[in-house]
Amino acid sequence: FWHNRIFAMPAIYRRHLRERRGAVLTSPSRDGALIAATMRCFGVASVRGSSNKRGPAAMLEMVEWIQSGYDIVVTPDGPRGPRYRLAPGLIRLSQRTGAPILPIRIEYESAWVFHKSWDRFRLPKPFSRVRVILEPYQTIDPAADGDTFEAERQRIEHLLNPDHETD
């Protein structure tokens, strides 16, 4: 799911995915520490890292979690964007582990949009309906590289942006 829809995930997890065991990838920043602490309240561990800080160590840690039977939760356009653009790390993680990707789309019937944040963070308004779409699991060709890798990345990105949402 996208970074700007993260607000709804703890409630979605509690209501629909409680039986899953997992860890969430959070940045090593103060914001990431806040997310990690919040997720601990829901019984979810965290892996601290991003593409520009602790990247290789975080990748190794996520591989270990997956090999131990856990899910890894990733906002593939975070922590700094660009918004709605899937970074390659998720595809590489799936290739390394053979784990499928579960694209989750979160749509708010009505939300406040914070236009000054890089991701245009969305906060659902009270009593607004939240629609959660769990796309089918997606497998990634472990041998994909070059143009084939980019096609796989675009395929998953499109599943998360079916209407080419770019707001």
Side-chain angles (χ1 to χ4, degrees), residues 1-14 16-18 20-106 108 111-124 132 134 137-138 140 142 144-145 149-150 152-154 156-157 159-161 165-167:
F1 58 91
W2 294 127
H3 195 272
N4 66 2
R5 312 301 166 102
I6 199 167
F7 180 83
M9 262 328 276
I12 292 166
Y13 175 77
R14 178 178 277 167
H16 301 288
L17 302 169
R18 185 180 289 247
R20 306 298 298 243
R21 298 180 311 154
V24 62
L25 176 64
T26 62
S27 80
S29 68
R30 284 193 315 250
D31 289 349
L34 180 62
I35 291 169
T38 302
M39 295 313 294
R40 265 194 310 276
C41 294
F42 290 88
V44 177
S46 63
V47 174
R48 304 296 302 278
S50 66
S51 57
N52 49 359
K53 287 187 182 175
R54 287 200 76 248
M59 177 65 82
L60 287 173
E61 196 174 336
M62 289 186 294
V63 167
E64 290 172 3
W65 279 97
I66 289 171
Q67 290 172 341
S68 297
Y70 286 78
D71 295 330
I72 296 294
V73 178
V74 176
T75 56
D77 62 342
R80 287 190 277 206
R83 180 179 62 255
Y84 303 140
R85 172 103 168 138
L86 189 133
L90 178 63
I91 305 300
R92 288 193 182 105
L93 179 62
S94 180
Q95 283 183 309
R96 266 183 97 166
T97 62
I101 296 170
L102 176 63
I104 301 174
R105 288 195 343 257
I106 302 167
Y108 301 138
W112 289 290
V113 179
F114 294 79
H115 291 282
K116 291 186 179 183
S117 66
W118 72 265
D119 63 351
R120 293 198 178 146
F121 187 80
R122 292 166 179 258
L123 181 65
V132 180
L134 302 176
Y137 282 104
Q138 302 295 311
I140 303 297
D145 61 0
F149 180 92
E150 177 58 16
E152 291 283 74
R153 191 201 64 73
Q154 287 180 6
I156 302 301
E157 183 176 280
L159 286 170
L160 291 167
N161 286 324
E165 186 175 328
T166 58
D167 62 341

ask   = D119 and F121: which non-hydrogen atoms are nearest, and at how many Å?
value = OD1-N, 3.0 Å
query = Are any side-chain N or O atoms of Y70 and backbone N or O atoms of M62, one a donor and one an acceptor, separated by less than 3.5 Å?
reply = no
query = Looking at CH2 of W65 and CG of L93, how far apart are the two atoms once the value is rounded to the nearest 0.5 Å?
reply = 13.5 Å
query = Does a donor on one side chain sit under 3.5 Å from an acceptor on the other, for D31 and S29?
reply = no
query = Do R48 side-chain atoms and S27 backbone N/O form a donor-acceptor pair below 3.5 Å?
reply = yes
ask   = What are the two closest heavy atoms between M9 and F1, and how far apart are they?
value = CG-CZ, 3.1 Å
query = Which of these, L160, L159, I72, L90, sits in a side chain to side chain contact (heavy atoms under 4.5 Å, CB included) with I101?
reply = L90
message = Would you say that I156 contacts I140 through its side chain, given a criterion of any heavy-atom pair below 4.5 Å between the two side chains?
response = yes
ask   = What pair of heavy atoms forms the shortest contact from A144 to E152, and how long is it?
value = CB-CG, 4.2 Å
remark   = When every non-hydrogen atom of A23 is compared with those of V44, the smallest separation belongs to CA-CG1, 4.0 Å
ask   = Does E157 use its side chain to pair, donor to acceptor, with the backbone of L86 at less than 3.5 Å?
value = yes
request  = Please tell me if the side chains of I35 and I6 come closer than 4.5 Å, counting only heavy atoms from C-beta onward.
outcome  = yes
query = Any side-chain heavy-atom pair from L60 and R96 closer than 4.5 angstrom?
reply = yes
request  = Verify whether one side chain among W2 and N161 offers a donor that lies under 3.5 Å from an acceptor in the other.
outcome  = yes
request  = Decide, yes or no, whether a salt bridge links R85 with D77 under the criterion of side-chain N to carboxylate O below 4.0 Å.
outcome  = no
request  = Answer yes or no: is there a donor N or O on one side and an acceptor on the other, between the side chain of S94 and the main chain of G98, under 3.5 Å?
outcome  = no
request  = Taking the side chain as every heavy atom from C-beta outward, state whether T75 and R5 have any pair of such atoms under 4.5 Å apart.
outcome  = no
key: Any donor-acceptor pair under 3.5 Å from R83 side chain to W118 backbone   = yes
task = Flag yes if more than 12 heavy atoms outside F7 fall under 6.0 Å of its CZ atom; otherwise flag no.
result = no
inquiry  = Using a 3.5 Å distance criterion without hydrogens, assess whether the side chain of R153 forms a donor-acceptor pair with backbone atoms of P88.
reply    = no
remark   = The side chain to side chain donor-acceptor pair (under 3.5 Å) partners of Q67 (sequence neighbours excluded) come to none
task = Supply the atom-to-atom distance L34 CG to T26 OG1, rounded to the nearest 0.5 angstrom.
result = 10.0 Å
note = Of all heavy-atom pairs linking V47 and A58, the shortest is CG1-O, 3.8 Å
ask   = N4 and Y84: side-chain donor and acceptor closer than 3.5 Å?
value = yes
